[in-house]
> 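So that we are looking at the same thing, I have put the structure below in structure tokens.
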Amino acid sequence: MQQIRRNSRRSLILSAALVALVTASGSAQSVSGSSPGADALRHNPIFGLGPQTIWRGGFGVALEGQLTQRTGTLEERGRGLHGELIYGITQDVNLALAFPLVQRRTMRGLAPGGAQIDRDATGLGDAVIRAKWRFFHSFSGRTQYHAAVIGGVKVPLAEASGDPPLGSGSTDFLAGATVSRDGLRSYLWLSGLVRVNGEAFGRQLGNEYRYDAAVGLRPWIPSFRGIDPLFLVEFNGVTAARTVVDGTAQSASGGTILAISPGFWLTYRNWALKGGIKLPVLHRLRGNQPELDYTVVLSIETHM
Amino acid sequence: MKAFGTTVLLAFALGAAAPALSAQEESTVREDSTRQIEVTILGMSCPFCAYGVEQKLKRLDGVEALDVVLETGIATLTLRDDADASNEAIIDAVEDAGFEVAKIERNFESEYPVFERATDT
């Protein structure tokens with residue numbers, strides 16, 4: 001009875017913390033086009049991909065909030081909330097659907113022509129369908145080495161003709177690869193993702209190349225029925241080609257951003273919280289473009 | 001952002017309190033007469049991943065309770081009276097969860113032999 005009471009008390013405290021975290025992320029969001037790399041599959045880095053998969057027949061449900069701010073002559077802020085469903089077709093092949101809930105984008109400041117603008121749009125974001133194939137795994141004691149490839153498609157659901165637009169309106173394709181070493185005390189990940197952007201309304205965003213290296217450390221060896229914290233540091237970047245409008249490459253588009261991203265995973269049984277902040281350390285952007293200030297991600301996930 | 005910071009700190013504080021509680025929880029009383037199968041599992045490094053192992057092993061016929069110790073990688077199945085689970089069923093369940101079985105041992109007479117994978121553990 002004492003143990004049951006202890007469990008109930010801890011579940012209550014944990015639930016309160018989860019509710020508080022979700023509430024805190026309620027105003028968060030994803031800027032259109034910045035979220036297809038997001039991957040809520042278990043023990044993946046926050047801003048990169050991982051080869052970890054859910055078990056055969058297992059379901060996962062996640063809710064993720066994102067907040068991104070960019071500043072230049074124009075200040076741009078994006079907030080979004082999306083859900084994600086994950087299914088384990090086999091222990092090595094998973095399908096995931098990231099579906100949009102709400103997205104808000106604001107732009108304030110001086111437009112390229114010199115006019116003062118103050119725009120705000122709220123609506124649906126884009127959806128992403130992804131498949132992951134873990135094609136290699138090897139075990140040594142409690143340590144696991146595995147590798148996976150990922151393919152996906154972004155389905156344009158967001159309003160693309162608004163002011164500001166919430167999405168590009170294009171159907172984009174994703175392809176990525178990832179490897180990791182999972183140990184009792186530490187994790188290492190490497191991943192790369194290519195996003196091939198389609199054309200819509202005569203405009204084609206430049207293709208994106210995302211890369212991520214991450215280290216995760218546990219302060220203690222976890223127990224099966226205990227809370228398991230994992231602290232992460234990611235080094236990531238994105239390089240984008242120029243945007244093409246009506247056949248003309250735009251001078252103020254494309255470039256590279258490198259960032260460092262501290263984050264955390266906190267899991268209890270089949271529940272997980274993950275969060276992190278991407279802080280840029282290098283901007284090499286072509287032309288006059290707003291620079292990334294930060295991106296914050298917070299998500300809650302459960303497997304069943 | 002302030003609310004975010006506060007809640008993250010709260011979550012970490014909860015995490016810091018976990019080991020003492022979970023260590024108490026995991027102490028289980030096992031009588032000699034209890035039929036148990038010890039399954040040594042490779043690659044199981046986190047409780048979130050091990051949850052899948054639990055879901056699969058708990059569904060085997062005759063399994064009454066399950067305990068997992070991540071540090072040793074051993075899952076202990078407690079069986080109902082006269083129940084048993086085949087090595088094949090156990091291996092399938094663990095592999096469906098994404099892991100591999102290194103060893104299966106029983107503390108009672110069984111038609112199934114001790115299983116040991118011929119690799120490093």
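Every heavy atom of this structure was used, including side-chain atoms; hydrogens, water molecules and symmetry mates were not. Sequence lines set the chain letters: A, B, ... in the order given, protein chains first and strands last, and positions in each chain run from 1. Everything quoted here is computed from the prediction, not taken from an experiment.
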> Non-hydrogen atoms of chain B under 4.5 Å away: do they reach the side chain of A/L184, the backbone, both or neither?
both
> Can you tell if the side chain of A/Q144 reaches within under 4.5 Å of the side chain of B/E100, non-hydrogen atoms only?
no
> With rounding to the nearest 0.5 Å, note down the distance linking OG in A/S140 to CG in B/L42.
8.0 Å
> List the atom of B/C46, the atom of A/D228, and the distance in Å for their closest heavy-atom pair.
CB-OD2, 3.8 Å
> Looking only at heavy atoms, what is the nearest atom pair of B/P47 and A/G226, with distance?
CG-O, 4.5 Å
> A/T90 versus chain B, heavy atoms under 4.5 Å apart: side chain, backbone, both or neither?
neither
> Go through the steps for B/F99 and A/H137 under the test side chain to side chain contact (heavy atoms under 4.5 Å, CB included), then give the verdict.
CA-CA 9 Å; B/F99 301 93; A/H137 61 256; over 6 Å; no
> Donor-acceptor pair, B/K56 side chain versus A/R56 backbone, under 3.5 Å?
yes
> Quick check: closest heavy atoms across A/F224 and B/A50, and the distance to 0.1 Å?
CE1-CB, 3.6 Å
> Would you say that B/S45 contacts A/Y187 through its side chain, given a criterion of any heavy-atom pair below 4.5 Å between the two side chains?
yes
> Can you run down the salt bridge (charged side-chain N to carboxylate O under 4.0 Å, His left out) pairs that involve residues 71-89 of chain B, sequence neighbours left out, and say none if there aren't any?
B/D84-B/R106
> Once rounded to the nearest 0.5 Å, what's the spacing between atom CG of A/N270 and atom CD of B/Q55?
7.0 Å
> For A/Y268 and B/F48, what are the C-alpha separation, side-chain angles and deciding distance, and is it a side chain to side chain contact (heavy atoms under 4.5 Å, CB included)?
CA-CA 7 Å; A/Y268 174 69; B/F48 198 47; over 6 Å; no
> How far apart are the closest heavy atoms of B/Y51 and A/H303, and which atoms are they?
CE2-O, 3.8 Å
> May I have all residue pairs that pass salt bridge (charged side-chain N to carboxylate O under 4.0 Å, His left out) and include part of residues 176-187 of chain A, sequence neighbours excluded?
none
> Counting only heavy atoms from other residues, nucleotides and ligands, does the tally under 6.0 Å from CG of B/D61 exceed 12?
no
> CD1/B/I41 to CZ/A/R142 distance, rounded to the nearest 0.5 angstrom?
9.5 Å
